[in-house]
Amino acid sequence: MQLYPSMMCADYGNLAAEVAALDAAGADSFHCDVMDGVFVPNITMGLMDIKAVRAATNKPLDVHLMIENPLNKLDLFVDAGADIIYIHPESERFVAKALVAIREKGCKAGLAIDPDTPVCAIEDLLPIVDYVMVMTVNPGFAGQSFLEFTLPKIERLAALKQEHPFTLVIDGACSPERIEQLSALGADAFVLGTSALFGKGDYAESMARLRAQEG
Ligand code: DX5
Ligand code: ZN
C-alpha cells in the first residue's frame with residue numbers, strides 16, 4: 001500500500017516542517033493538487049508551493065493537474081520538481097500526446113479521471129500510463145463525501161491491471177475504513193487528506209495504523 005499525503009491540506013504557515021514530519025511518518029509520495037479555477041472551481045497549490053515541498057524532501061512529488069490544456073504547461077511542473085504528473089483526459093484535447101510528453105520529460109505519466117468519466121474513455125491509453133487515479137469525489141475540494149457509484153469503476157480498473165502494469169490510485173475522501181475496503185478491491189495507493197490524516201493527530205501514528213490494517 002502506498003500513501004500519498006494531500007499537500008493542499010497541510011499547514012502553509014509551517015510547510016517545510018509539515019513536509020519533514022510527513023516524510024518521517026513514512027509518506028511514499030507528496031500529492032500536490034494544482035487547480036486553475038477553470039477546470040475545477042478552486043485554486044490551490046502553485047509552482048512556488050511545489051518548489052517548497054521539493055526543497056524539503058527527497059521523496060517523489062506527484063503533481064495532480066486539475067487545469068485546462070496541461071500539455072503546454074508541463075515544463076513548469078517538471079522544472080518545479082514533479083516526479084509523477086497526472087492529467088485529466090477531460091481537460092486536454094491531445095491526451096495521448098500529453099502522456100507521451102510527460103514520459104519524454106523524464107516523469108511518470110498519470111491519468112486522473114473524474115467520478116463521471118467511464119473506464120472506456122481511457123482504456124486505450126493504459127499502455128502509455130504508469131498511474132491511473134480514480135477521483136472518488138468531485139475534484140476541487142478536500143473534506144467531501146465519498147461517491148459510492150465509483151466503486152464498480154475501481155473494480156474494473158483493478159481487473160485491467162492484469163493486462164497493463166499501472167498503479168491504481170484513489171483520490172478523495174479516503175478514510176481508514178474506505179482504504180481497507182478499496183485495498184481489498186485492488187487499489188494500490190491512496191491520497192490522504194482530511195479523511196484519514198490531516199487533523200487526525202500524529203501523522204506517524206495515523207499512517208502506521210493505516211499500514212497495519214492492510215490485509
Ligand atoms: C480533491 C483532492 C484530494 C482530496 C483531499 O480534489 O484532490 O486531495 O480530496 O482529501 P479528503 O477528501 O480526505 O479531504
Ligand atoms: Zn488530487
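Just so you know, ligand 1 is whichever comes first in the structure, and atom 1 is the first atom listed for that ligand. These values consider heavy atoms only, across backbone and side chains, with no hydrogens, waters or symmetry-generated copies.
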Shortest heavy-atom approach to atom 11 (P) of ligand 1 - which of V40, T194, L192: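 Closest candidate by heavy-atom distance is T194.
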
For [X], is at least one N or O under 3.5 Å away from an N or O on ligand 1?
X: D33; result: yes
X: M8; result: no
X: Q144; result: no
X: G143; result: yes

Can you tell me which residue and heavy atom of the protein come closest to [atom], and the distance to 0.1 Å?
atom: atom 3 (C) of ligand 1; value: D171 OD1, 3.0 Å
atom: atom 8 (O) of ligand 1; value: S6 OG, 2.5 Å
atom: atom 5 (C) of ligand 1; value: A142 CB, 3.8 Å
atom: atom 10 (O) of ligand 1; value: G193 CA, 3.2 Å
atom: atom 9 (O) of ligand 1; value: G172 CA, 3.7 Å
atom: atom 6 (O) of ligand 1; value: G140 N, 3.0 Å

Are any side-chain N or O atoms of [X] and backbone N or O atoms of [Y], one a donor and one an acceptor, separated by less than 3.5 Å?
X: T136; Y: F146; answer: no
X: K161; Y: A187; answer: no
X: D28; Y: Y4; answer: no
X: E214; Y: M1; answer: yes
X: E90; Y: D114; answer: yes

Are H64 and D62 close enough that a side-chain donor and a side-chain acceptor fall under 3.5 Å?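 Judged by distance alone, the side chains do not pair up.
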
Thinking salt bridges, do D130 and R103 make one under a 4.0 Å N-O criterion?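 Salt bridge between D130 and R103, a charged N being under 4.0 Å from a carboxylate O: yes.
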
Decide, yes or no, whether a salt bridge links K105 with D79 under the criterion of side-chain N to carboxylate O below 4.0 Å.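 A salt bridge is absent here (no side-chain N lies under 4.0 Å from a carboxylate O).
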
Any heavy atom of S195 under 4.0 Å from ligand 1? The part involved is both

So which bit of V191 gets within less than 4.0 Å of ligand 1, heavy atoms only: side chain, backbone, both or neither?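 The side chain, only.
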
Of all the N, O or S atoms in [X], which has the shortest distance to the Zn ion (ligand 2)?
X: H31; value: NE2
X: D33; value: OD1
X: H64; value: ND1
X: D171; value: OD2

Using the salt bridge (charged side-chain N to carboxylate O under 4.0 Å, His left out) rule, take E148 and R178 through it: C-alpha gap first, then chi angles, then the decisive distance, then the call. CA-CA 10 Å; E148 293 282 345; R178 200 58 81 175; 2.6 Å; yes

Mutual orientation of the aromatic rings belonging to F39 and H88 [parallel < 30°, tilted 30-60°, perpendicular > 60°]: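 It falls in the tilted class, 30° to 60°.
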
Please say whether more than 12 non-hydrogen atoms of neighbouring residues, nucleotides or ligands are located less than 6.0 Å from NZ in K59.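 For K59, atom NZ is crowded (more than 12 foreign heavy atoms under 6.0 Å).
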
Atom indices of ligand 1, in the order listed, that fall short of 4.0 Å to a heavy atom of [X]:
X: A173; result: 11 (P), 12 (O), 13 (O)
X: F141; result: 1 (C), 6 (O), 9 (O)
X: P139; result: 6 (O)

Nearest heavy atoms of F30 and A27, plus distance in Å: CZ-CB, 4.2 Å

